[in-house]
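I have placed the structure first, in the form of structure tokens, so that the comments after it can refer back to it.
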Amino acid sequence: MRKRLLSFILLIAVCCIMLNACGKSDSTDDHHNTYIPEPVTVDATAGTDLDVIATFDPYEEENRYDIADSYFEKKYGVDYGTVVKDLTYYSTIAEDNKQCNVLLPAGYNENKTYPVMYVVHGFGGSHDSQIDDDSYLTVLYGNMLHDGLTVPMIIVNLDMYTDKLADKDEKSDEELRFIYDKVITEIHTDLMPFIEKTYPVSKERGDTAVAGMSEGGAKSLCIGFTWLDEFGWIASFAPDTGVIPTDYYKGTFWNTPYMEEFPQPTADNTPCYLYLTVGSEDPWNVDCTLYYRDVLNEMGVKNRTDLVEGYEHDPDFWRQCFYNFLTKVFRQ
């Protein structure tokens, strides 16, 4: 009798597993937003020591752009960490106070050391464009950390505007373009020292990342390559022109390059992961993104560059990009 009962229980268990497997989607169709990441058994809120993260090659991990819309929504029982808003520091480059927003992860412990990711907004944005209480990046990161799909880190949403704050509303787009350039120096001179003094973040390049979209994507490339010794992870989503000389938008302020060429990385400061991506329906930045890729390839600089079918130049694309970057960053 017991043997029959045990056999019956095992049969039911097998059937449940098969039904559950049939109900899961592994679709990778472009722009369908149907894939819901599956939670893994990890105590993500407990924090992690940076020296025990398993080594892996981020270039071997496939990117996907069909993450379901529901994964960017808050869920019951998930700790989304703490957003510190309008944190003020003095910028010697702006000669004025600047602000940033900081996301502290769920389970934040001031006695632990965390990697840090700096996020650069797009043209016309600010320090709360990506990190705020209900912003897509705050929600996405919270869901991913809860599901064990990324690691505990501190995320800093900086402000590219680096000038006298009282004059901001009077600036033209052309003036803003060159004011934004100053953040490339300012992040190193003022913001990073302030964050390192205020929060327990690692100063190792392998624990420091920069990511941005559009104009912020261009600035992420400039920041990462200007400070190769300090940024080990670089992500650029549909970057604008203005990083190095190109043939696109010539004669406009968009084309004025910040650097004449990408600095050649050495064995000691080659990026841990260099990620560029652009949507096929982007009306502005397909050509220049692919041009950056080609130049980097000619230099022998390893990178992952995706041209993604169906996406445009908007937050629907940025959030998919952040999902991919967060699955890889700081795991090496």
Side-chain angles (χ1 to χ4, degrees), residues 72 80-87 89 91 98-105 108 114-145 150-162 180 182-184 186-188 190-192 194-196 198-199 201-202 205 207-227 230-240 271-277 313-330:
F72 301 91
Y80 291 94
T82 302
V83 176
V84 182
K85 299 181 183 181
D86 302 329
L87 192 61
Y89 67 99
S91 167
K98 285 189 62 173
Q99 293 182 324
C100 61
N101 279 8
V102 175
L103 176 59
L104 305 176
Y108 173 72
Y114 293 86
V116 58
M117 179 168 73
Y118 294 89
V119 175
V120 194
H121 60 81
F123 201 94
S126 71
H127 62 283
D128 59 5
S129 296
Q130 276 70 49
I131 295 297
D132 208 341
D133 288 336
D134 297 310
S135 62
Y136 70 85
L137 182 53
T138 300
V139 175
L140 170 65
Y141 176 68
N143 287 335
M144 291 182 69
L145 186 60
T150 188
V151 303
M153 69 184 78
I154 291 174
I155 303 178
V156 181
N157 197 169
L158 60 81
D159 195 331
M160 282 196 291
Y161 188 81
T162 309
Y180 286 166
K182 294 194 287 185
V183 82
I184 299 165
E186 198 265 348
I187 187 175
H188 171 266
D190 298 310
L191 179 57
M192 291 176 70
F194 170 74
I195 293 297
E196 291 163 359
T198 308
Y199 296 104
V201 298
S202 171
R205 64 181 299 274
D207 302 324
T208 308
V210 61
M213 68 293 299
S214 192
E215 183 65 13
K219 295 300 180 279
S220 292
L221 286 175
C222 292
I223 289 168
F225 275 87
T226 298
W227 311 108
E230 299 185 41
F231 288 89
W233 304 79
I234 305 169
S236 178
F237 313 148
D240 287 345
C272 304
Y273 186 60
L274 175 55
Y275 173 41
L276 288 80
T277 184
H313 193 93
D314 56 29
D316 284 346
F317 186 51
W318 313 144
R319 63 187 194 172
Q320 298 285 324
C321 301
F322 271 113
Y323 173 85
N324 288 315
F325 194 51
L326 285 169
T327 61
K328 302 169 182 65
V329 68
F330 306 135

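All values below were derived from every heavy atom in this structure, side-chain atoms included, with hydrogens, water molecules and symmetry-related copies excluded. Values in this document were obtained by computation on a predicted structure and should not be read as measured data.
Scanning all heavy atoms of the two residues, the minimum distance from Pro239 to Thr277 falls at CD-O, 4.4 Å. Listed here is the closest heavy atom pair of Ser202 and Asp207: OG-OD2, 2.7 Å. The two atoms that bring Asp240 and Ala218 nearest to each other are O-CB, 3.6 Å, heavy atoms only. What you find for Ile184 and Trp227 is that their closest heavy atoms are O-NE1, 2.8 Å. Of all heavy-atom pairs spanning Leu191 and Cys100, the tightest one is CD1-SG, 4.1 Å. Closest heavy-atom contact between Tyr141 and Pro105: OH-CB, 3.7 Å.
Side-chain contact check for Pro152 versus Leu145: some heavy-atom pair is nearer than 4.5 Å. Between His121 and His127 there is no side-chain heavy-atom pair separated by less than 4.5 Å. Side-chain contact between Thr198 and Ile195 is absent, with no heavy atoms from C-beta onward closer than 4.5 Å. Two residues are said to be in side-chain contact when any heavy atoms from C-beta on lie closer than 4.5 Å; Tyr199 and Phe194 fail this criterion.
Using cut-offs of 30° and 60° on the angle between ring planes, the pair Trp318 and His313 is perpendicular. Ring geometry, Tyr275 versus Phe325: the interplanar angle falls under 30°, so the pair is classed parallel (tilted spans 30 to 60°).
Glu230 meets the salt bridge (charged side-chain N to carboxylate O under 4.0 Å, His left out) test with no other residue; sequence neighbours excluded. Residues satisfying the side-chain hydrogen bond (donor to acceptor under 3.5 Å, both in side chains) criterion with Ser220, sequence neighbours excluded, are absent altogether. With sequence neighbours excluded, the residues satisfying side chain to side chain contact (heavy atoms under 4.5 Å, CB included) with Asp128 are Asn101, Ser126, Asp132. Applying the ring-ring contact (aromatic ring centres under 6.0 Å, His included) test to Tyr118 and every residue at least two apart in sequence or in another chain returns nothing. Ser91 is linked by a side chain to side chain contact (heavy atoms under 4.5 Å, CB included) to Tyr89, Ile93, Ala94, Lys98, Thr162, Glu186, Asp190, counting only residues two or more places apart in sequence or in another chain. In this structure, the salt bridge (charged side-chain N to carboxylate O under 4.0 Å, His left out) partners of Asp133, at least two apart in sequence or on a different chain, are Lys85. The side chain to side chain contact (heavy atoms under 4.5 Å, CB included) check on Val139 picks up Lys74, Tyr80, Asn143, with sequence neighbours excluded. With sequence neighbours excluded, the residues that form a side chain to side chain contact (heavy atoms under 4.5 Å, CB included) with Thr138 are Val83, Leu103, Ile131, Ser135. With sequence neighbours excluded, the residues forming a ring-ring contact (aromatic ring centres under 6.0 Å, His included) with Phe123 are Tyr180, Trp254, listed by chain and number. Listed by chain and residue number, nothing satisfies the salt bridge (charged side-chain N to carboxylate O under 4.0 Å, His left out) test with Asp86 (two or more places apart in sequence, or in another chain). By the salt bridge (charged side-chain N to carboxylate O under 4.0 Å, His left out) test, Lys328 is found to be paired with no residue, residues two or more places apart in sequence or in another chain being considered. Remark: Phe322 engages Phe237 in a ring-ring contact (aromatic ring centres under 6.0 Å, His included) (not counting sequence neighbours).
Without hydrogens or angle criteria, Ser214 side chain to Gly122 main chain gives no donor-acceptor distance under 3.5 Å. The backbone N or O of Ile223 sits nowhere less than 3.5 Å from a side-chain atom of Thr226 that would complete a donor-acceptor pair. In this structure a side-chain-to-backbone donor-acceptor pair under 3.5 Å is present from Thr150 to Leu326. Put simply, the side chain of Asn157 gets close to the backbone of Gln130: a donor and an acceptor are under 3.5 Å apart.
For the atom pair Leu274 CG and Leu221 CG, the distance stands at 7.0 Å (nearest 0.5 Å).
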Handout entry: Tyr114/Phe330 under side chain to side chain contact (heavy atoms under 4.5 Å, CB included): CA gap, chis, key distance, verdict
Key = CA-CA 10 Å; Tyr114 293 86; Phe330 306 135; over 6 Å; no
Problem - side chain to side chain contact (heavy atoms under 4.5 Å, CB included) assessment of Val183 paired with Tyr161 - result: CA-CA 7 Å; Val183 82; Tyr161 188 81; over 6 Å; no
Practice task
Decide yes or no on side chain to side chain contact (heavy atoms under 4.5 Å, CB included) for Thr327 and Met144, but give the supporting numbers first.
Solution key: CA-CA 8 Å; Thr327 61; Met144 291 182 69; 3.5 Å; yes
Handout entry: Val102/Ile154 under side chain to side chain contact (heavy atoms under 4.5 Å, CB included): CA gap, chis, key distance, verdict
Key = CA-CA 7 Å; Val102 175; Ile154 291 174; 3.7 Å; yes
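At least one cation-pi condition fails for Arg319 and Tyr136: the charged atom is not both under 6.0 angstrom from the six-membered ring centre and inside a 45 degree cone around its axis.
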